[in-house]
Amino acid sequence: MNEIRLLFRKDILILLNNIKLILRNPLRLLPYAGIAGYIFFMYWLRMRNRDKDSSSQELPELDMNGIPEVNFALQNIVGGVTILALVILIYQLFRATKNNVSFFKMADVNLLFTAPVKPENILIYYMVRSILPSLGGAIIFVGYASSQAIDTYEMSVANFIFLVLAAALFFFIVSPIKFLVYTLNSKYDVMEYIRSGVIALAVLLSGMIIIPGLMAEKFWQGMFAWISSPWFDFFPIVGWSRGIASFLSHGNVVISIGFVLLYGISYFVILKLVIRFAGYYYEDVLEATKSNEEKLEKVKGKKEVGESTYSLNTKKKLALPDFGIGAKAFYWRNYVHSSRQDFHPLFGLYSLIMVGIGLVLAGLSLFEWFSHYVLYGYLVMLLFIYFFAGTGRANVGDLKKPFFILVPASWASKFWNMIKLDILQITLFCLAMIIPSVLIAGLNWYIIPLFLFATLEVYLVGFGINIIPQIALDEGWDRKLIKPFMIGGIVLFGFVPAFAFSIVAFIASKQFVWALFGGTFGMFFVAAILMHVTLDILKRLEFKEV
């Protein structure tokens, strides 16, 4: 007990030191103040427009026989959120079969592991303490979500507390489970059995969606019939969190507290099993701790992301054609990197998966399991994915290095060869996905070129947002301050007008193809301006110490 008290005192001293650092530089609180201010502003805005006479819940409609009709909208919302939680759970369980989880940092490894403290006490303390990040994230998430729905649901203190507990306990319990899985494998070598169990669970849950969907008149009416039903609240972890959050609808404290107690009992059992089988766990967590530390350093910019990062096979032997000389060397460099990342440099595994999803949605919409709007929503989601892919371009730091400036070629040629592989990959993906989808679902043929141009435009816009501050500004703080303003300006004067144009076109025509045309037409000017600015900045590059 004295050792636990000592670890607690250590964290209290660290907290006090952090508070002192904040008091010395209060500007560190600006991001948090901005988040809090936005949430309170949304609360005020929603409450001002709230209709005080409307009730928060509506009675279900009755058919001619007096039987309550199924509220498919509510069923699909509950089912969609449940599916999202199940996907996160299955993904985390599958990751537990690949890598260990760590509750520690390198400072703990270097100091606590060598201290005269029982390993069991260190592990118990840090496993219990791991609820704090989950609790803080849940408070921010629920605060933001409730600010958006305050005009629909009454957000009392009890509602807020149970929603926070539902989210926090879900994310908190996953890490101890992952640690237990890795611990059992280290002792009994049962990883293959656990992996097979996780896959079987995923197949079972998929059947709980597909089977009722096939039994219903329309697939979308029955796909969430089982997992959104009340009995699914007893499904471990995901159902328990949903049972806790359901206090928002039934207001029964006993039921929600009962699910909280289920979490407590499960955590106690997991903790006892971990202490029983973990043994001398120091060596098992060292690799995971070091890996987490390296990821944090890369995020903070202290360590460059190497070419081998996230590559499937960095030592794969390559037989590449002769690309030529000059600026083509940049295309060759990206081609080599992409060849080591995936099974083919132009069309990889993720592209194949996304194409498969699009074809499945097109086929299901053809058989009227759901409307074409689901496929349209997927296309819009892909546009957002490629926008963030552009903003996350990793190797723009090469532009400031001497070899980029010394290559005997024009700046336009250098820039084109730098993005040529990305353009080819996007083009091949869009054509492979949109042409069969349009043919299968019987959509308008103009969607094919419009979707291709829209994807290229949003990628170039995201790439411009990333590259312009990186090469135009030398100081890291300047880049961090300018980039948000740049994104805000592009969103305000680029995305918003294009989106408004799309909405007007859709309302006038009632067709997705015209909405896509409006957005593509509007984003063309934004992409052209950003590419012009990028090329202009490239021409002003100078030798600088890197």
Side-chain angles (χ1 to χ4, degrees), residues 334 354 376-397 399 411-431 433-434 444 446-473 478-509 511-541:
N334 293 331
M354 290 190 292
Y376 296 152
Y378 179 67
L379 298 181
V380 174
M381 184 187 72
L382 289 177
L383 295 179
F384 280 101
I385 290 176
Y386 274 99
F387 170 75
F388 289 111
T391 59
R393 192 70 146 69
N395 61 347
V396 294
L399 299 178
W411 292 108
S413 178
K414 295 177 185 179
F415 180 66
W416 163 245
N417 280 276
M418 186 176 64
I419 64 173
K420 179 181 176 181
L421 183 64
D422 296 336
I423 300 300
L424 291 176
Q425 289 175 340
I426 294 172
T427 302
L428 289 176
F429 163 75
C430 290
L431 294 178
M433 203 273 301
I434 196 63
N444 193 307
Y446 288 109
I447 293 180
I448 296 176
L450 288 175
F451 180 72
L452 173 60
F453 292 143
T455 307
L456 292 172
E457 288 172 5
V458 295
Y459 174 80
L460 292 176
V461 169
F463 181 71
I465 291 174
N466 184 34
I467 196 174
I468 291 174
Q470 291 288 339
I471 63 179
L473 302 172
D478 290 339
R479 291 194 292 267
K480 292 179 181 178
L481 292 174
I482 293 298
K483 193 172 182 178
F485 285 103
M486 184 177 176
I487 294 175
I490 292 173
V491 170
L492 184 61
F493 299 105
F495 280 103
V496 171
F499 181 73
F501 194 18
S502 298
I503 296 297
V504 172
F506 179 77
I507 294 175
S509 64
Q511 295 184 11
F512 174 76
V513 62
W514 289 108
L516 185 61
F517 171 77
T520 305
F521 180 78
M523 290 306 300
F524 171 78
F525 298 100
V526 180
I529 292 172
L530 286 179
M531 291 301 99
H532 176 76
V533 173
T534 300
L535 189 59
D536 186 64
I537 293 176
L538 283 175
K539 296 177 181 179
R540 291 174 170 80
L541 279 178

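The structure presented is a predicted model; accordingly, all values stated were derived computationally and were not measured. Atoms considered below: every heavy atom in the structure, side chains included; atoms not considered: hydrogens, waters and symmetry mates.
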Problem - 4.5 Å side-chain heavy-atom contact, V380 and F384 - result: yes
Handout entry: From CG (L383) to CG (L516), nearest 0.5 Å
Key = 7.0 Å
Practice task
Please list, chain by chain and in numerical order, all residues satisfying side chain to side chain contact (heavy atoms under 4.5 Å, CB included) with W416, sequence neighbours excluded.
Solution key: I419, K420, I423
Completion exercise
Taken in chain and number order and not counting sequence neighbours, the residues that satisfy side chain to side chain contact (heavy atoms under 4.5 Å, CB included) with L431 are T427, I435, L452
Can you list, pair by pair, the side-chain donor-acceptor contacts under 3.5 Å of residues 486-496, counting residues two or more places apart and other chains?
none

Exercise for the section: Could I get the full list of side chain to side chain contact (heavy atoms under 4.5 Å, CB included) partners for Y378, not counting sequence neighbours? Expected result: M354, I357, L361, M381, L382, M433
Fill in the blank from the handout: Rounded to the nearest 0.5 Å, the OG atom of S502 sits from the CZ atom of F517 at a distance of 10.0 Å
Problem - Gap between atom CH2 of W514 and atom CG of L450 - 0.5 Å precision - result: 9.0 Å
Practice task
Output all residues satisfying ring pair (Phe, Tyr, Trp, His ring centres under 6.0 Å) with Y376, sequence neighbours left out; order by chain, then residue number.
Solution key: Y373, F512
Exercise for the section: Give, for atom CD of E457 and atom CG of L530, the distance between the pair rounded to the nearest 0.5 Å. Expected result: 11.5 Å
Fill in the blank from the handout: Sorted by chain and number, sequence neighbours left out, ring pair (Phe, Tyr, Trp, His ring centres under 6.0 Å) with F451 holds for none
Problem - Under the side chain to side chain contact (heavy atoms under 4.5 Å, CB included) test, residues paired with V533 that sit two or more places apart - result: I468, I529, I537
Completion exercise
Residues passing the ring pair (Phe, Tyr, Trp, His ring centres under 6.0 Å) test with F525, sequence neighbours excluded, are F521
Completion exercise
Only residue of V461, L460, T455 satisfying side-chain contact (heavy atoms from CB on, under 4.5 Å) with F387 is V461
Exercise for the section: First locate atom CZ of F453, then atom CE of M523, and finally report the distance between them rounded to the nearest 0.5 Å. Expected result: 15.5 Å
